[in-house]
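Notes follow the structure.
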Amino acid sequence: MEDKIKFSGKTILITGAAGFIGFYLSKAILEGNDKSVNIIGFDSVNNYYDVSLKEERLRILEELADSEETGSFKFIKGNLADKKLIDAIFKEHRPDIVVNLAAQAGVRYSITNPEAYIESNLIGFFNILEACRHSYDYGAGVEHLIYASSSSVYGSNKKVPYSTDDKVDNPVSLYAATKKSNELLAHAYSKLYGIPSTGLRFFTVYGPLGRPDMAYFGFTNKLVKCEKIQIFNYGDMYRDFTYIDDIITGVMNVMNKVPSENEDGVKYKVYNIGNNKPESLMYFVETLEKCLMREGIINKPAEKELLPMQPGDVYQTYADVSELVKDFGFKPCTSLEEGLGKYAKWYKKYYLN
């Protein structure tokens with residue numbers, strides 16, 4: 001990353017550090033800072049998807065932190081719902097900045113496994129809020145809480161692009177409902193206890209070392225095996241695909257700036273981080289196939305099975321990022337072809353070499 005943002009002298013707690021976004025955020029901070037910056041990485045390393053990918057991410061982070069020229073990294077394995085453990089981490093390490101990225105992800109999984117979402121996304125987030133609240137009892141306290149929300153909160157809103165000013169009271173999945181709940185809880189804690197907080201609504205994040213439960217990863221695995229791929233809503237769907245590097249630049253900008261008080265006197269803000277350019281699912285698949293063929297991973301496009309819309313899915317996502325541009329002068333800009341090209345190169349090296 002260019003123009004690395006500095007966090008000199010800060011202790012930063014990153015939950016979900018073995019996850020896709022948490023890994024890249026930890027990596028970027030380590031690479032851009034010296035030993036005065038201390039990252040506490042926290043993750044349950046559960047088996048929702050291939051644990052070896054999470055282990056590989058942690059291996060890279062620990063290898064990076066061994067260098068004298070980067071920040072330090074300490075990993076703690078545990079469950080966000082374990083209140084005693086979370087409280088102990090805050091008391092021992094006294095983080096200045098907390099980035100809560102740990103969550104049970106996935107819209108479709110929430111339909112069949114709702115308990116996982118209540119435990120991680122609601123109870124777990126409540127434990128983080130409570131720990132932030134009590135951090136002021138034994139020191140300066142948490143300076144800024146940043147947490148992952150999701151474009152899913154917009155549900156089936158018809159108005160596009162999606163603005164953070166839009167009403168988002170009609171979630172179409174439990175996952176979306178938990179993310180909207182996080183925003184409401186954060187606002188209440190910001191108001192009651194003065195915890196500066198910023199929520200980030202991520203839009204369809206993709207890239208190397210990503211999540212195998214995401215469509216692009218699943219499509220690739222099937223393409224490699226010459227299997228038929230399933231295209232929902234007969235291909236008539238649009239997503240604001242956002243490359244991981246753009247997400248991380250956005251998160252680091254936000255981390256570096258505590259929100260000013262809003263009209264209600266609350267230090268609270270929510271941003272969209274998306275590419276501001278929805279692409280059709282069919283174009284996405286064609287671009288992925290082209291990138292995989294260029295790398296010699298496949299030699300022909302897949303046979304496609306067109307199916308109706310799945311429960312919990314939405315027709316399109318489209319981020320209004322004007323607030324991000326106004327406050328930070330930053331807008332995601334990686335094209336789908338460039339991002340999927342980098343992903344294809346990684347996939348070949350990781351899985352096929």
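Because only heavy atoms are used, hydrogens play no part in the values below, and waters and symmetry mates are left out as well, while side chains stay in. Computed from a predicted model, the values in this text were never measured in an experiment. The residues of the chain are indexed from 1 along the displayed sequence.
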Is there a side-chain contact between Val205 and Phe20 (heavy atoms, below 4.5 Å)?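 The answer is yes, as the side chains (C-beta and beyond) meet within the 4.5 Å cut-off.
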
Using a strict threshold of under 4.0 Å (side-chain N to carboxylate O), is an ion pair present between [Y] and [X]?
| X | Y | answer |
| --- | --- | --- |
| Glu63 | Lys27 | no |
| Lys10 | Glu143 | yes |
| Lys277 | Glu279 | yes |
| Arg108 | Asp313 | yes |
| Glu289 | Lys304 | yes |

Is the terminal nitrogen or CZ of [X] (NZ for Lys, CZ for Arg) located under 6.0 angstrom from the six-membered ring centre of [Y] and within 45° of that ring's axis?
| X | Y | value |
| --- | --- | --- |
| Lys257 | Phe328 | yes |
| Lys269 | Tyr271 | yes |
| Lys54 | Tyr49 | yes |

Which heavy atom of [X] sits nearest a heavy atom of [Y], and at what distance?
| X | Y | result |
| --- | --- | --- |
| Leu281 | Phe232 | CD2-O, 4.0 Å |
| Tyr193 | Tyr136 | O-CE1, 4.4 Å |
| Tyr189 | Glu130 | OH-OE2, 2.7 Å |

Verdict with reasoning, Ser197 to His144, per side-chain hydrogen bond (donor to acceptor under 3.5 Å, both in side chains): CA-CA 6 Å; Ser197 70; His144 193 185; over 6 Å; no

Output yes when a side-chain donor or acceptor of [X] lies under 3.5 Å from a complementary backbone atom of [Y], and no otherwise.
| X | Y | answer |
| --- | --- | --- |
| Asp166 | Ser163 | yes |
| Thr242 | Asp240 | yes |
| Asn46 | Tyr48 | yes |

Within a radius of less than 6.0 Å around [atom1] of [X], do more than 12 heavy atoms belonging to other residues, nucleotides or ligands occur?
| X | atom1 | result |
| --- | --- | --- |
| Lys267 | NZ | no |
| Lys349 | NZ | no |
| Glu69 | CD | no |

For the residue pair Tyr318 and Tyr238, is the inter-centroid distance of their aromatic rings smaller than 6.0 Å?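 Tyr318 vs Tyr238: aromatic centres not under 6.0 Å.
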
Walk me through it: do Tyr154 and Arg201 pass the test side-chain hydrogen bond (donor to acceptor under 3.5 Å, both in side chains)? CA-CA 10 Å; Tyr154 291 106; Arg201 294 175 179 172; 2.8 Å; yes

Residue pairs fulfilling side-chain hydrogen bond (donor to acceptor under 3.5 Å, both in side chains) with at least one residue in residues 91-106, sequence neighbours excluded: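 Listed once each, the pairs are Thr15-Asn100.
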
Trace of the side-chain hydrogen bond (donor to acceptor under 3.5 Å, both in side chains) decision for Asp246 with Thr334: CA-CA 7 Å; Asp246 289 332; Thr334 306; 2.9 Å; yes

